[in-house]
Amino acid sequence: MSDFIVKDSNGNQLNDGDSVTLIKSLKVKGGGTTLKQGTLVKKIRLTDNEEEVDCKVDGMSIVLRTEFLKKR
């Protein structure tokens, strides 16, 4: 894995285990649900892509783009 820095929408560095908040309501592809703006997502995991993080929300394992996240 290359050394890159993952940043949220405000430019704050994200690390494994951080908690983030959604800054925009997002539709989940294939899930048929919508994640509301302001939803708290705990214990994110960094991926091989610096623009995406892996997490669990409501029991679903999903990948979120960092441009829609704000570090808590």
Side-chain angles (χ1 to χ4, degrees):
M1 187 163 124
S2 64
D3 293 326
F4 53 80
I5 297 174
V6 179
K7 295 187 177 186
D8 70 358
S9 61
N10 294 330
N12 298 316
Q13 184 173 344
L14 296 173
N15 301 303
D16 279 337
D18 282 348
S19 295
V20 294
T21 304
L22 293 177
I23 61 169
K24 179 181 178 183
S25 293
L26 302 171
K27 290 185 179 181
V28 178
K29 289 183 180 177
T33 61
T34 300
L35 300 176
K36 302 284 187 203
Q37 179 179 349
T39 299
L40 176 63
V41 180
K42 297 179 182 178
K43 298 182 182 177
I44 64 168
R45 292 175 302 281
L46 303 182
T47 64
D48 292 336
N49 184 341
E50 63 186 52
E51 296 179 352
E52 298 176 342
V53 296
D54 187 33
C55 59
K56 280 195 174 183
V57 179
D58 297 333
M60 296 182 297
S61 183
I62 59 174
V63 175
L64 295 173
R65 300 211 20 110
T66 57
E67 64 193 272
F68 303 119
L69 304 176
K70 178 176 74 171
K71 187 173 181 177
R72 295 237 349 153

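Side chains are part of it too, since the values below use all heavy atoms of this structure and drop only hydrogens, waters and symmetry mates. Counting from 1, the numbers follow the sequence of the chain as shown.
With values rounded to the nearest 0.5 angstrom, N12 atom CG is found 12.0 Å from I5 atom CD1. D8 contributes atom CG, which lies 10.0 Å from atom CD of Q13 (distance to the nearest 0.5 angstrom). With rounding to the nearest 0.5 angstrom, the CG atom of N49 is 12.0 Å from the CG atom of D54. For the atom pair NZ (K70) and CD (Q37), the distance works out to 9.0 Å, reported to the nearest 0.5 Å.
The closest side-chain heavy-atom distance from T34 to K27 is below 4.5 Å. The shortest distance between side-chain heavy atoms of R65 and L26 does not fall below 4.5 Å. You'll find the side chain of L14 reaches within 4.5 Å of the side chain of T66, heavy atoms only.
Counting all heavy atoms, side chain and backbone alike, M60 lies closest to T33 at CE-OG1, 3.8 Å. Of all the heavy atoms in T47 and E52, the pair that sits closest is OG1-O, 2.9 Å. When all heavy atoms are compared, the tightest approach of V20 to K71 is CG1-CA, 4.1 Å. Scanning all heavy atoms of the two residues, the minimum distance from K43 to S19 falls at N-OG, 4.3 Å.
When hydrophobic clusters are built by joining Ile, Leu, Val, Met, Phe, Trp and Tyr residues whose side-chain heavy atoms come closer than 4.5 Å, directly or via intermediates, V6 is not grouped with I23. Tracing side-chain contacts under 4.5 Å through hydrophobic residues (I, L, V, M, F, W, Y), one never reaches V28 starting from V63; they form parts of separate clusters.
Other residues, nucleotides and ligands place no more than 12 heavy atoms under 6.0 Å from the CZ atom of R72. Within a 6.0 Å radius of CG in D58, other residues, nucleotides and ligands contribute 12 heavy atoms or fewer. The neighbour count for K7 NZ, taken as heavy atoms of other residues, nucleotides or ligands under 6.0 Å away, does not exceed 12.
With hydrogens and angles ignored, the 3.5 Å screen pairs no side-chain donor or acceptor of T21 with any backbone N or O of G38. A distance-only check finds a donor-acceptor pair linking the side chain of S9 to the backbone of L69 [under 3.5 Å].
Screening L35, I62, V57, V53 for a side chain to side chain contact (heavy atoms under 4.5 Å, CB included) involving V41 leaves a single residue, V57.
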